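Shown next, in structure tokens, is the structure this report addresses.
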Amino acid sequence: MKKKGENRNMKELEIVDADVLLYSPLNQIEFVVDEILPIGFHLFCGASKVGKSWFMLKVCLQVSKGEPMWEFQTQAGDVLYLCLEDTLARVQNRLFKLTNEANNKLHFAISTNKISNGFLQQLQSYIEKYPNTKLIVIDTLQKIRNTSNDISYASDYGDISVLKEFADKNNIIVMAV
């Protein structure tokens with residue numbers, strides 16, 4: 001007999017005590033840029049026009065070439081930079097200012113679908129074509145979000161949650177500016 005307030009669909013909490021956790025072999029955190037940029041979802045935030053896009057382009061370039069970012073080693077791999085507020089000419093101009101040795105592991109797109117309209121499928125298709133992908137930068141997050149007057153925390157959380165799940169599932173970094 002069901003008691004008042006009882007929920008038959010309730011799932012028990014899965015708990016682990018500190019002793020078991022401390023001595024259990026677990027996968028260690030994997031970094032694409034040693035010590036500072038682990039696999040997963042990240043937000044890169046700052047005031048307008050302080051150089052966020054320049055910085056992201058430099059990180060993308062270093063990871064694609066497997067060269068250190070400052071003194072931190074990088075894992076070489078394919079990189080997708082979604083520069084959604086730029087033109088290819090502007091990106092080319094910035095690349096020329098940063099390097100004269102780009103490579104075919106750094107890829108760019110200046111437009112995508114929205115999160116609710118196939119964006120994740122576009123990313124999955126990219127990863128299938130480039131299985132050694134280490135980093136995807138979305139510059140800017142707002143360009144892939146759905147047009148809405150909802151500026152609530154729940155809306156932000158929903159969009160970010162699907163991106164985090166995608167990053168975790170594919171064992172890559174997804175960085176949103």
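Keep in mind the model is a prediction, meaning the values are calculated, not measured.
- Within the 4.5 Å cutoff, side-chain heavy atoms of L26 are placed close to those of L21.
- Within the 3.5 Å criterion, the main-chain N or O of K143 finds a donor-acceptor partner in the side chain of K114.
- Aromatic ring orientation, Y130 versus Y126: tilted (interplanar angle from 30° to 60°).
- Looking at heavy atoms from C-beta onward, R94 lies in side-chain contact with S53 at the 4.5 angstrom threshold.
- Residues I144 and L82 fail the side-chain proximity criterion, which asks for heavy atoms closer than 4.5 Å.
- Between L120 atom CG and T112 atom OG1 the span is 10.0 Å, to the nearest 0.5 Å.
- Linking Ile, Leu, Val, Met, Phe, Trp and Tyr residues whenever their side-chain heavy atoms come within less than 4.5 Å places I36 and V177 in a single cluster.
- Side-chain contact check for E35 versus E71: every heavy-atom pair is 4.5 Å or farther apart.
- By the criterion of side-chain heavy atoms lying less than 4.5 angstrom apart, applied directly or through intervening Ile, Leu, Val, Met, Phe, Trp or Tyr residues, L163 is not grouped with M175; the two fall into different hydrophobic clusters.
- Distance check, rounded to the nearest 0.5 Å: CD1 of I173 to CZ of F31 gives 9.5 Å.
- Two residues are said to be in side-chain contact when any heavy atoms from C-beta on lie closer than 4.5 Å; L135 and V59 meet this criterion.
- Nearest heavy-atom pair, R90 versus E85, reported as atom, atom and distance to 0.1 Å: NH1-O, 4.1 Å.
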Q) When you look at Q62 and V33, which way does the side chain to side chain contact (heavy atoms under 4.5 Å, CB included) test go after all the steps? A) CA-CA 9 Å; Q62 296 308 100; V33 179; over 6 Å; no
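- Contact record, A76 with N132: O-ND2, 3.9 Å, taken as the closest heavy-atom pair.
- Note that the NZ atom of K134 and the CG atom of N171 stand 7.5 Å from one another [nearest 0.5 Å].
- Closest of all the heavy-atom pairs between Q122 and N113 is OE1-N, 2.8 Å.
- Remark: F44 pairs with F55 by the ring-ring contact (aromatic ring centres under 6.0 Å, His included) rule, at least two apart or across chains.
- The backbone N or O of E67 sits less than 3.5 Å from a side-chain atom of T74, completing a donor-acceptor pair.
- Residue-environment remark: CG (L22) exceeds the threshold of 12 foreign heavy atoms within 6.0 Å.
- For the atom pair CG (L57) and OH (Y81), the distance works out to 6.0 Å, reported to the nearest 0.5 Å.
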Point to revise | Candidate pair L123 and L80, rule side chain to side chain contact (heavy atoms under 4.5 Å, CB included), full reasoning | key: CA-CA 9 Å; L123 294 186; L80 176 60; 4.0 Å; yes
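- Proximity of a side-chain donor or acceptor of N170 to a complementary backbone N or O of F166 within less than 3.5 Å is detected.
- Contact of the F72 side chain with the L37 side chain is not registered, since no non-hydrogen atoms from C-beta on lie closer than 4.5 Å.
- Between S64 and L61, the shortest heavy-atom distance links the atoms OG-O, 2.8 Å.
- Cluster membership check: M56 does not share its hydrophobic cluster with L84, using side-chain heavy-atom separations under 4.5 Å among Ile, Leu, Val, Met, Phe, Trp and Tyr.
- Paired with I172 under the rule side chain to side chain contact (heavy atoms under 4.5 Å, CB included), one option of D78, V32, I127 passes, and it is I127.
- Atom NZ of K52 sits in a crowded spot, with more than 12 heavy atoms from other residues, nucleotides or ligands closer than 6.0 Å.
- Residue I138 is grouped with residue L43 when hydrophobic side chains (ILVMFWY) are merged at heavy-atom distances under 4.5 angstrom, including chains of intermediate members.
- Taking CZ of R145 as the start and CG of D156 as the end, the distance is 4.5 Å to the nearest 0.5 Å.
- In plain terms, the two heavy atoms of G40 and D168 that are nearest each other are CA-OD1, 3.8 Å.
- Note: the hydrophobic cluster containing V79 also contains I39 (ILVMFWY, side chain heavy atoms under 4.5 Å, direct or indirect links).
- Scanning all heavy atoms of the two residues, the minimum distance from A176 to L141 falls at CB-CB, 4.0 Å.
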